[in-house]
> 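Okay, handing you the structure first.
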Amino acid sequence: MKQLLAWYDANHRSLPWRLNPDPYWVWISEMMCQQTQIATVLPYFERWMARLPSVESLAAASIDEVLALWQGLGYYRRARSIHAAANLIAAQGWPSSAKEWALLPGVGRYSSAAIASTTLGEPVALVDGNVERVFARLTACPEGKPALQRLAWTWAEENLHQPDPGRWNQALMELGALVCRPKTPLCDECPVRAHCRAYALGTSEAFPVASAKPETISLDLTLSVHRLNGKVALVQQPEGEWWTGLWTFPIQKGSPTQKALGTVRAQVTHHKLSLHICLVDESPSDARWAEENELHAVAMPAPIRRAWSIVLRDG
DNA sequence: AATGCGGGGTT
DNA sequence: AACCCAGCATT
């Protein structure tokens with residue numbers, strides 16, 4: 001498997017946090033990259049570093065500003081975790097091992113290993129979606145998700161390249177992202193195909209074996225847009241609701257009783273949301289009235305922002 | 001080990 | 001519409 005490192009050196013993407021493997025940069029990048037594609041993250045990362053260039057500036061920022069910088073990335077709890085962790089780091093200093101990293105909110109087994117191997121050179125293995133797929137094909141693993149993950153972690157630990165764990169981990173993930181892709185893997189370009197059981201069988205695309213998908217749930221929600229004198233009513237979603245902590249128009253469960261101005265559809269994990277937009281005259285009881293021309297600076301989920309642009313166009 | 005958490009882009 | 005993405009936390 002030594003060919004992998006040479007391949008990585010010659011073919012890896014030049015990412016900001018690789019050019020500057022500072023703990024702050026690597027940590028933020030790992031948080032943004034959770035369940036999110038690299039290409040999506042890049043513009044958010046640049047904007048973030050321009051505004052919050054250090055852990056001290058992050059700790060001093062308001063959660064509203066952090067959420068606004070996060071707007072559009074999804075899984076907004078990550079933004080809250082980062083903000084909370086920044087205050088811990090500002091008070092206690094940087095973690096000095098993967099084990100310490102994993103004590104911070106939002107940092108689990110994968111992220112702690114990624115950060116520690118990259119910034120500290122600590123010999124800790126990791127498995128993400130890429131490594132899991134690489135492992136599944138290399139070994140033609142017939143197992144579904146739970147067993148596959150367990151086996152992949154064991155494999156990663158046994159095969160960690162001790163002299164340079166950070167570069168090795170990056171190389172495994174990069175191989176999964178660029179060559180050992182989910183669909184149409186580029187096996188002819190693979191530096192380790194000589195070791196690949198699925199390639200030998202000619203069935204690379206059959207791995208990893210698909211597991212049962214959760215049933216999609218359809219939900220109707222009514223979005224009440226109250227406008228008055230150039231202002232609009234917003235509510236901040238509480239814990240336990242969709243888009244916790246972000247600003248939205250008042251939301252009721254169910255279909256509207258009046259005719260909707262339009263409908264915005266959004267997919268949230270395995271939920272399919274239909275957001276019916278209704279214009280309302282009377283003022284809501286419990287809301288913040290925001291100037292319409294300041295709305296762009298408010299942290300709103302992407303579907304809500306789409307709903308607002310429909311109101312501006314047709315309302 | 002299995003869910004819940006509750007987004008977004010790509011094909 | 002399905003699929004996947006540098007997962008985490010809780011049970």
Side-chain angles (χ1 to χ4, degrees), chain A residues 12-13 15 17-18 26-45 70-82 84-85 101-118 125-134 136 143-153 156 166 169-178 180-185 205 208 210-219 221 237-246 248 251 264-273 300-306:
Chain A
H12 72 78
R13 292 168 290 184
L15 304 174
W17 49 91
R18 283 180 179 157
V26 172
W27 168 48
I28 298 298
S29 77
E30 290 301 342
M31 295 297 294
M32 287 186 171
C33 286
Q34 287 170 13
Q35 297 295 117
T36 308
Q37 298 187 1
I38 302 287
T40 304
V41 164
L42 286 174
Y44 287 90
F45 186 85
W70 202 266
Q71 177 192 314
L73 270 180
Y75 287 121
Y76 295 90
R77 184 173 303 278
R78 292 182 292 173
R80 302 182 161 283
S81 297
I82 287 180
W101 270 107
L103 295 175
L104 293 174
V107 181
R109 187 177 182 184
Y110 160 78
S111 299
S112 59
I115 299 168
S117 63
T118 300
L126 59 76
V127 172
D128 71 335
N130 291 308
V131 179
E132 192 175 302
R133 184 172 55 254
V134 168
E143 302 288 349
K145 189 80 174 176
L148 174 63
Q149 274 192 350
R150 182 170 46 76
L151 293 168
W153 276 100
N169 285 336
Q170 296 292 316
L172 269 181
M173 292 191 285
E174 197 76 337
L175 183 71
L178 300 184
C180 200
R181 311 183 298 192
K183 304 285 174 64
T184 62
E205 285 191 73
S211 48
K213 48 176 175 15
E215 192 174 343
T216 298
I217 299 171
S218 295
L219 281 177
L221 300 174
Q237 292 299 319
E239 187 87 8
E241 296 296 328
W242 303 90
W243 305 302
T244 297
L246 272 71
T248 71
I251 296 174
V264 168
R265 292 174 212 289
Q267 183 86 26
V268 182
T269 61
H270 62 289
H271 299 267
K272 192 168 67 179
L273 307 183
M300 292 197 305
I304 304 297
R305 192 161 291 286
R306 287 201 294 277

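Letters A, B, ... are given to chains in the order of the sequence lines, protein chains preceding strands, and every chain is numbered from 1.
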> For R13(A), does the CZ atom sit with more than 12 other heavy atoms under 6.0 Å from it, leaving out its own atoms?
yes
> Report yes or no: is the cationic atom of R109(A) (NZ for Lys, CZ for Arg) under 6.0 Å from the centre of the six-membered ring of W153(A), at an angle within 45° of the ring normal?
yes
> Map T269(A) and G106(A) onto DNA chain C by nearest heavy atom, then report which one ends up closer to the 5' terminus.
T269(A)
> If I take atom CG in residue L73(A) and atom C1' in nucleotide dC5(B), what distance separates them, rounded to the nearest angstrom?
16 Å
> On DNA chain C, does the nearest nucleotide to Q267(A) precede the nearest nucleotide to Y75(A) from the 5' side, or the other way round? Give the residue.
Q267(A)
> Contact class for A302(A) vs. all strands (heavy atom < 4.0 Å): base, sugar-phosphate, or nothing?
sugar-phosphate
> Below 30° counts as parallel, above 60° as perpendicular, anything between as tilted: where do the rings of W242(A) and H271(A) land?
perpendicular
> Look at all strands and tell whether R181(A) reaches a base, only sugar-phosphate, or nothing, counting heavy atoms closer than 4.0 Å.
nothing
> Report yes or no: do Q237(A) and T244(A) form a side-chain donor-acceptor pair below 3.5 Å?
no
> Looking only at the side chain of Q35(A) (C-beta and beyond, no hydrogens), which of the listed nucleotides dC4(C), dG7(B), dC8(C) gets closest?
dG7(B)
> Please check this pair: side chain of T118(A) against backbone of I115(A), looking for a donor-acceptor N/O pair closer than 3.5 Å.
no
> Would you kindly give the CZ-to-C1' distance between R133(A) and dG7(C), to the nearest whole Å?
15 Å
> By nearest atom, which of the nucleotides dG7(B), dC4(C), dA1(C) is closest to the Q37(A) side chain?
dC4(C)
> Taking the six-membered ring for Trp and the full ring for Phe, Tyr or His, determine whether the centres of Y76(A) and W243(A) are under 6.0 Å apart.
no
> Among the candidates dG7(C), dA1(C), dG8(B), find the nucleotide nearest to the side-chain atoms of Y76(A).
dG8(B)
> On the nucleotide dC8(C), are OP1 or OP2 found under 4.0 Å from the side-chain N or O atoms that S111(A) carries?
yes
> Counting any heavy atom closer than 4.0 Å, what does V41(A) reach on the DNA or RNA strands: base, sugar-phosphate only, or nothing?
nothing
> Which of the following nucleotides, dG9(B), dA6(C), dG7(B), is nearest to the side chain of L15(A)?
dA6(C)
> Which nucleotide, dC8(C), dC4(C), dG8(B), lies nearest any side-chain atom of Q34(A)?
dC8(C)
> Classify the nucleic acid contact of G176(A) as base, sugar-phosphate or nothing, counting any heavy atom under 4.0 Å across all strands shown.
nothing
> Just compare dC8(C), dA6(C), dA2(B) and give me whichever is closest to any side-chain atom of I38(A).
dA6(C)
> Send over the distance from R150(A) CZ to dA1(B) C1', rounded to a whole Å.
10 Å
> With a 4.0 Å cut-off on heavy atoms, is W17(A) in touch with a base, just the backbone sugar-phosphate, or nothing at all?
base
> For Q34(A) and R78(A), which heavy atoms make the closest approach, and how far apart are they?
O-NH1, 2.7 Å
> What distance, rounded to whole Å, do you find between the two P atoms, one in dG4(B) and one in dA6(C)?
25 Å
> Rounded to whole Å, please give me the gap between CZ in R306(A) and P in dG7(B).
13 Å
> Give the rounded distance in Å between these two atoms: NE2 of H270(A) and C1' of dG7(B).
13 Å
> Can a side chain N or O of R109(A) be found less than 4.0 Å away from OP1 or OP2 on dG7(C)?
no
> When the distance from CG of L104(A) to P of dA9(C) is rounded to whole Å, what number comes out?
10 Å
> Please tell me which of the listed nucleotides, dA6(C), dG7(B), dC3(C), lies nearest to the side chain of N130(A)?
dA6(C)
> In whole angstroms, how far is the P atom of dG8(B) from the CG atom of L246(A)?
9 Å
> When we call it a touch if two heavy atoms are under 4.0 Å apart, what does T36(A) touch: a base, just sugar-phosphate, or nothing?
base
> Rounded to the Å, how far apart are W27(A) CH2 and dG7(C) P?
18 Å
> What nucleic acid atoms does P303(A) come within less than 4.0 Å of, heavy atoms only: base, sugar-phosphate, or nothing?
sugar-phosphate
